[in-house]
Amino acid sequence: MMTDHRVLATYLIETPYPLERAAQVMAGEQSTGTFISVPGETRELKARHGAEVVSIQELGAYSAPSLPECYLPPGMDKPVYRRALVKLSFPFHNFGPSLPNLLSTVAGNLYELREFSGLRLMDLDLPEPFAIRYPGPKFGIEGTRRFAGVYDRPIIGTIVKPSIGLPLSEYGSMVRELAEAGLDFIKDDELCGNPLYASFEQRVEVVMAEIERAADRTGKKLMYAFNITGDIDEMRRNHDIVLAAGGTCVMVSINSVGLPAVAHLRQYTELPVHGHRNQWGAMTRCPLLGMSFTAYQKLCRLAGVDHLHTNGLDSKFAESNESVAQSINDCLSPMLGGYTVMPVLSSAQWAGSAATTYEAVRSLDVIHLAGGGILAHPGGTAEGVRSMQQGWEAAVQGIELNTYAEEHPELQKAIETFGRK
């Protein structure tokens with residue numbers, strides 16, 4: 001069915017060619033064109049199905065290419081590599097409300113075009129039919145808070161460490177200690193799915209038994225995100241195991257299973273989906289290749305994750321605090337239908353991370369994960385949890401961390417241990 005709907009895609013490009021020509025190459029490659037005109041490529045067909053160049057904003061010129069193997073125009077001895085923001089408009093009826101075919105269009109062969117020494121998808125504007133086909137997170141921030149029983153503050157959590165190799169016999173005591181310490185959330189590490197030494201089903205049984213016992217004693221049921229990543233049928237089986245055991249969250253490695261698999265999970269899940277973005281660095285670390293998180297998180301939201309990893313400020317990964325803050329704010333910015341997704345902050349986080357985080361994003365709607373920042377606290381796990389809560393209390397009240405720590409020994413120990421690295 002022909003419609004007037006369009007998809008707008010914004011790209012950062014670098015090329016030694018005239019910018020107008022480079023943009024037209026992009027539009028042709030991803031719609032009706034090829035390297036030479038072919039029979040049937042009529043003016044009418046191009047008018048109905050061709051991509052259009054909406055705008056070109058030149059950004060600067062450079063003497064060296066960002067990426068190798070850019071083909072130089074004949075006779076160009078001293079190329080100048082110009083950068084620009086290019087916005088292309090694609091007819092919606094070329095692919096319809098389909099995530100796989102959307103990706104083939106806006107992030108397909110473009111990256112291989114020899115005219116470019118850099119090309120990166122920066123943003124997407126999608127028409128309403130995508131919201132009908134992909135209604136987004138089933139639970140989102142409100143549903144996650146309802147399952148976790150945590151309101152008016154960040155959800156504080158940790159990651160199972162060591163990431164892989166922990167014997168099944170040690171899971172119970174670890175979860176018991178964390179649950180009784182008042183922790184809100186635990187997630188499997190992405191490396192631990194269904195290992196032979198501690199099968200998924202066995203792990204769910206052990207973990208949920210301890211969570212239920214702790215809930216009976218404390219009145220608070222800890223949320224645990226079990227890593228159900230696997231083949232399509234395996235994911236459904238794993239989801240059902242968690243649901244039957246009384247679990248309240250499942251985790252999936254988005255890039256390992258693909259967006260269509262996540263969208264399939266969203267159709268039947270009865271639990272919030274914790275979206276892990278491992279492999280993301282390969283898609284984004286080069287600033288003139290891949291895609292920005294602004295575009296990526298929109299695709300993940302369409303697929304239906306309820307939580308999405310963003311990194312944390314001052315983390316161990318190669319991402320600036322400015323980029324991390326932008327990623328968190330991207331997740332919290334409403335899109336089609338007004339829905340958001342819960343940002344998940346992790347990597348080298350501790351109680352002191354709350355101040356810089358809150359200053360940057362001014363929101364409590366985050367899951368803040370600390371591995372060593374909780375588990376390696378010198379006062380033990382319970383004090384590690386309390387220190388994280390105190391870090392956020394200080395941040396929200398606008399009290400300097402060391403001042404707040406004067407009357408909060410758990411926070412003081414965290415500063416002495418983690419704040420002087």
Applying salt bridge (charged side-chain N to carboxylate O under 4.0 Å, His left out), can you list everything that pairs with [X], at least two apart in sequence or on another chain?
X: E205; value: none
X: R146; value: none
X: K221; value: E212

For this session: Check ring pair (Phe, Tyr, Trp, His ring centres under 6.0 Å) between W280 and all other residues, then give those that pass, not counting sequence neighbours.
Result: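 Scan of W280 (ring pair (Phe, Tyr, Trp, His ring centres under 6.0 Å), adjacent residues dropped) gives F293, Y296.
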For this session: Check ring pair (Phe, Tyr, Trp, His ring centres under 6.0 Å) between Y11 and all other residues, then give those that pass, not counting sequence neighbours.
Result: none
When you compare the side chains of [X] and [Y], does any donor N or O come within less than 3.5 Å of an acceptor on the partner?
X: Q24; Y: R21; result: no
X: S256; Y: Q279; result: yes
X: T15; Y: E115; result: no
X: D189; Y: S163; result: yes
X: H368; Y: S353; result: no
X: N255; Y: N278; result: no

Exercise. What pairs of residues pass the side-chain hydrogen bond (donor to acceptor under 3.5 Å, both in side chains) test when at least one of them lies in residues 354-367, not counting sequence neighbours?
Worked result: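 For residues 354-367: R145-D365.
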Enumerate the ring-ring contact (aromatic ring centres under 6.0 Å, His included) contacts for [range], please, sequence neighbours excluded, ordered by first and then second residue.
range: residues 148-200; answer: F185-H274
range: residues 99-132; answer: F92-F130
range: residues 222-247; answer: Y224-F226, H239-Y268

Sequence neighbours left out, what passes side chain to side chain donor-acceptor pair (under 3.5 Å) with [X]? Give chain and number order.
X: K413; value: E383
X: S199; value: Q202
X: S315; value: none

Exercise. Just by modelled atom types, is the L375 backbone N or O under 3.5 Å from a matching donor or acceptor in the T381 side chain?
Worked result: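 A pair under 3.5 Å: no.
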Problem set entry | side chain to side chain contact (heavy atoms under 4.5 Å, CB included) evaluation trace for E393 with L411 | CA-CA 11 Å; E393 290 165 8; L411 181 58; over 6 Å; no
